[in-house]
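What follows is a single structure, written as structure tokens, with notes after it.
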Amino acid sequence: MITIKNKAAIAKMEEAGRFLSQIFSLAPAIVRPGMSTLDIDVWMEEKQREYGLTSKMKGYKGYKHVSCISVNDVVVHGIPSKMVILQQGDLIKVDVCVAWKEYCADMARAFFVGQGTEQQEKFVAVAYEALDAGIAQAYAGNHLSDISAAIQNKVEKAGFGVVRDFAGHGIGKRMHEEPEILNFGKPGKGPVLRAGMALALEPMITMGSHKIKIMSDGWTAKTADGSLAAHVEDTIVITDTEPKIITRIV
Ligand code: MF3
Ligand code: CO
């Protein structure tokens, strides 16, 4: 069942999203070559405490951190580690899910330590464009897979791959609720979108093959061919007019 959130629930989700996007707006400036991905997670945890947010990741299926930090060919679910030292030109994806008064916001951003090559920067731009193309379909009356198809279309037209093994999701009091939101598929399928549905859209894209492999830690998902991967995520609420992007209210 896809829950319809009432005004009070949406207000709490918006607050969660506002705080989370404020934290994210500060993140690129603190990231430096020589820093570990664990350093970023520790910073994230401190910021969440400052804002009074609860982590929805720490403790989830035994996960021990407040963020996933995925570097270069790691697509998603990179475990923060003091052994992973960032270098100039690395592409990092930071994924965080928090709650405010029990309601969640889920967000991920991809950015370079310094700068990427022109081709790499273009690749990351396509991830953001795909997310926006998905959001542009998130209207009451549309079908769920209109979002999926728009994301796939944007990515594949640009010549990149769409990861099949993970998906976006409904969100509310729980980080993962129904429905599952694939990043590929034909339009016009699945449930009809209604005002009050809250969705986390999260395209995961690769420069090469869309195939991935899971590392022996059971979390880290890497591209099978070692190609660069990008992942971005926003939490949105369907309304009677424009979708409300709660992780972009700064
Ligand atoms: N936030 C991720 C998502 O977008 C989930 C991360 S898994 C966790 O669905 F264990 F790290 F929380
Ligand atoms: Co998510």
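All ligand and atom numbering here is 1-based and tracks the order in the structure.
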Next on the checklist: I'd like to know whether NZ of Lys5 has more than 12 heavy-atom contacts from other residues, nucleotides or ligands below 6.0 angstrom.
Outcome noted: yes

Next on the checklist: Applying a heavy-atom cut-off of 4.0 Å, say which part of Lys61 lies close to ligand 1: side chain, backbone, both or neither.
Outcome noted: neither

Item to check | Protein heavy-atom partner closest to atom 2 (C) of ligand 1 - residue, atom, separation in Å | outcome: Asp95 OD2, 3.2 Å

Checklist entry - Glu45 and His65: side-chain donor and acceptor closer than 3.5 Å? => result no

Next on the checklist: Is it the case that atom CD in Glu121 sees more than 12 heavy atoms from other parts of the structure closer than 6.0 Å?
Outcome noted: yes

Item to check | Nearest candidate to atom 12 (F) of ligand 1, where distance is taken over non-hydrogen atoms, out of Glu233, His169, Met57 | outcome: Met57

Item to check | Donor-acceptor pair, side chain of Lys56 and main chain of Glu102, under 3.5 angstrom | outcome: no

Checklist entry - Which residue holds the protein heavy atom closest to atom 8 (C) of ligand 1, what is that atom called, and what is the gap in Å? => result Tyr60 CD2, 3.8 Å

Next on the checklist: Below 30° counts as parallel, above 60° as perpendicular, anything between as tilted: where do the rings of Tyr60 and Trp219 land?
Outcome noted: tilted

Checklist entry - Should the pair Glu15-Lys101 be classified as a salt bridge under the 4.0 Å nitrogen-to-oxygen rule? => result no

Checklist entry - Is Phe166 in contact with ligand 1, taking contact as a heavy-atom separation below 4.0 Å? => result no

Checklist entry - Should Asp234 and Arg109 count as an ion pair when the cut-off is N to O under 4.0 Å? => result yes

Checklist entry - Could an N or O of ligand 1 be found under 3.5 Å from any N or O of Asp106, whether backbone or side chain? => result yes

Next on the checklist: How far is atom 11 (F) of ligand 1 from the closest protein heavy atom, and which atom is that?
Outcome noted: Cys68 SG, 3.1 Å

Next on the checklist: Under a 4.0 Å threshold between the charged nitrogen and the carboxylate oxygen, would Arg248 count as salt-bridged to Asp132?
Outcome noted: yes

Checklist entry - Has Glu202 got any heavy atom lying under 4.0 angstrom from an atom of ligand 1? => result yes

Next on the checklist: Tell me whether His176 reaches ligand 1 (any heavy atom closer than 4.0 angstrom to a ligand atom).
Outcome noted: yes

Item to check | NZ/NE/NH1/NH2 to OD/OE distance under 4.0 Å, Glu50 and Lys47 | outcome: yes

Next on the checklist: Quick check on side-chain contact (heavy atoms from CB on, under 4.5 Å): which of Ile147, Leu199, Ile245 does Ile135 satisfy it with?
Outcome noted: Ile245

Item to check | Protein N/O/S atoms closer than 2.8 Å to the Co ion (ligand 2) | outcome: Asp106 OD2, His169 NE2, Glu202 OE2, Glu233 OE2

